[in-house]
Number of protein chains: 2
Amino acid sequence: MMNDSAIKTHLLDLFNIDTYAIDQILGFSEFKEYKKGDVLIEEGKRHPYFYFIIKGAVKSYYHFEGKEICSWFAFENEMIATIKTFAGETSNETIELLENTKFIKIQTEKFKKLADKNLTWSHIMSALISSHAIFLEDRIKLHFMSSKERYNKLILSEPQILQRVSLTDISSFLGMSRENLSRIRSEN
Amino acid sequence: MMNDSAIKTHLLDLFNIDTYAIDQILGFSEFKEYKKGDVLIEEGKRHPYFYFIIKGAVKSYYHFEGKEICSWFAFENEMIATIKTFAGETSNETIELLENTKFIKIQTEKFKKLADKNLTWSHIMSALISSHAIFLEDRIKLHFMSSKERYNKLILSEPQILQRVSLTDISSFLGMSRENLSRIRSEN
DNA sequence: TTAACTTTGTGACATAAGTCAAAAGCTCTA
DNA sequence: TAGAGCTTTTGACTTATGTCACAAAGTTAA
C-alpha cells in the first residue's frame, strides 16, 4: 500500500533496523495529524498509544500547586509518551501540541507484546528508555545551577527551542518565573 | 558450592524469576564486601561491574563548580551502577560507601550479552532501567518545591535516610545549603 | 485596520535561601 | 577519657529570585 510504504520509510529511519523487523510493527502503526493547541495525552487518563513526531512540536506538563510545570518539549524524530501511559497506567502529564504536528502513532500493547517475544524490539525498547533516563539525569543537573546558567545551557544545547516555544513555557521548564527569565535575557 | 547456593538465594529474591534463569548469571556473579568510606566506582573511570546491595548503604555524587552533589543514596536490595559505566563509558559519578557494605557483584558485559540473546534477562534489564527513570522523574519534581517541602517529602518517603545519611549529604541531595537544612529541621 | 487578547518586559518591593564565621555537639582513637 | 577532628547549629548579613502591578509589544480575528 502507498501509505504503508511511506510509514515504512519513516520507521526505518527512526529505528535503523532491517525491513523485516519493521514489517512486524506496520500492522499497528499509522500516520496521524493534529492541530496546534490540541491535547494528545491528558493528565489522569489512560492512553494506549505512543508516537513519534514526523514534523512538529509538542510540550508535556503537569500541575503542581496550581501551576503548569513543563517537563519537556519534543520535536522531529522524538518519541512521545509518558512513562505512566507506556506502563498502562493513568498519565501524570498532559501532552499538548505547540504546532500542527504529524505523528506516527503506535499501539503500545501490541508493541510491548512484540518486544516480549522478540529480541530486536526488546533492545529497542531498552534503548528508548535509557535515552530518556539520560535526558532526565541531565535535567536534574540543571537544577543545581543558577537560573542564568540554566538558561544559557538550554539555548546552547537546544537553540531551536527559542524559535518554537514561548518564553512562558521555557521559564516553566527551567523552573523560574517569567519575569526572571525576561531579565536574564535582557542582560545577555 | 556453598557460596553459589547463598548467592542464588539472594538473586532469586532480587529478580523473582525461576532457578534456571538464575543459573545463567551465577558464573559471573560473586559476593564482595567493602568498608565504610571506600570508593566503589570513581568519576572519570570505567568500571565493568554492577552491584546489588545485600546489606549496607552507599551514596553517589558528582562534582559541580567545586562542590560535591549527591545524586542518590541506595540501601538493601537496590542496584548500584551509573548509567555511563553500565553503557561501558567512563563514569560521571563517584559511588562511595556510607557503611560497611556487602554486595553481589556482576560483570556488566557478560550480563548484557546474556540479555542480548535471552528475553527473560532482556526484560529484567528494561525493568531496572525503567524504575531508575521513574526515580529520576520524581527527583525532578522535588526541585519545583520549596526547600522545606523537599525536605518533608524526603523524610516522608524515605524516613530511614535520616538514620543512615549525614545531614551534609542530605542537604546536598536536596539542593540546599547545610545551614538552610539545619534551620528547616529546627522549625519543624 | 482596529480592537481584543496574549505574551513579554520593567519597576518596586518582599522573601527564601546562600554565605561566612564562630560556637556547640559528636565520635573516634590513642 | 582527653582531645583532635568531624558534623551540626546559630547569628548576622547578602543576594538571587519571586511577586505584584502595570506598560509595551505582538498576534489574531472581525
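Every chain is numbered from 1 and lettered A, B, ... according to where its sequence line falls, protein lines coming before strand lines.
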*Find the distance B:K67:NZ to C:dA17:P and express it as a whole number of Å.*
15 Å

*Indicate whether any N or O donor in one side chain lies under 3.5 Å from an N or O acceptor in the other, for B:E96 and B:Y61.*
yes

*Aromatic ring centroids of A:H10 and A:F52 under 6.0 Å?*
no

*Measure from CD on A:E68 to P on C:dT6 and round the result to the nearest Å.*
14 Å

_Atom-to-atom span, CD1 of A:I184 to C1' of C:dT8 - whole angstrom_ = 14 Å

_Shortest non-hydrogen contact from B:H143 toward B:F173_ = NE2-O, 4.4 Å

*Looking at DNA chain C, which of residues 163-175 of chain A put a heavy atom within less than 4.0 Å of it?*
A:S166, A:L167, A:T168

_I need the NZ-P distance between B:K148 and C:dG18, as an integer number of Å._
13 Å

_Rounded to whole Å, how long is the line connecting atom NZ of A:K59 with atom P of C:dT7?_
9 Å

_Parallel, tilted or perpendicular, as decided by the 30° and 60° cut-offs, for the rings of A:Y49 and A:Y51_ = tilted

*Want to settle it: does B:K36 or B:R150 sit nearer the 5' end of DNA chain C, counting the closest nucleotide to each?*
B:R150

*Range on DNA chain D touched by chain A - first to last nucleotide, heavy-atom distance under 4.0 Å*: D:dT17 to D:dC20

*Fit a plane to each ring of B:F15 and B:F111, take the angle between them on a 0 to 90° scale, and name the class: parallel (under 30°), tilted (30 to 60°) or perpendicular (over 60°).*
parallel

*Is the closest side-chain heavy-atom distance between A:Y62 and B:K141 below 4.5 Å?*
yes

*Map A:E179 and B:R178 onto DNA chain C by nearest heavy atom, then report which one ends up closer to the 5' terminus.*
A:E179

*A:K55/A:E76 under salt bridge (Lys or Arg N to Asp or Glu O under 4.0 Å): CA gap, chis, key distance, verdict*: CA-CA 5 Å; A:K55 178 87 193 76; A:E76 283 72 21; 3.2 Å; yes

_Under a 4.0 Å threshold between the charged nitrogen and the carboxylate oxygen, would B:E99 count as salt-bridged to B:R164?_
yes

_Without decimals, in angstroms, what is the distance between B:Y151 OH and C:dA17 P?_
15 Å

*What is the nucleic acid contact for B:S147, judged by heavy atoms within less than 4.0 Å: base, sugar-phosphate only, or nothing?*
sugar-phosphate

*Going by an N to O cut-off under 4.0 Å, is there a salt bridge joining A:K148 and A:E187?*
yes

*asked:* Expressed as a whole number of angstroms, how long is the span from B:L181:CG to C:dT19:P?
replied: 14 Å

*Between B:R183 (CZ) and C:dA17 (C1'), how many Å, whole number?*
9 Å

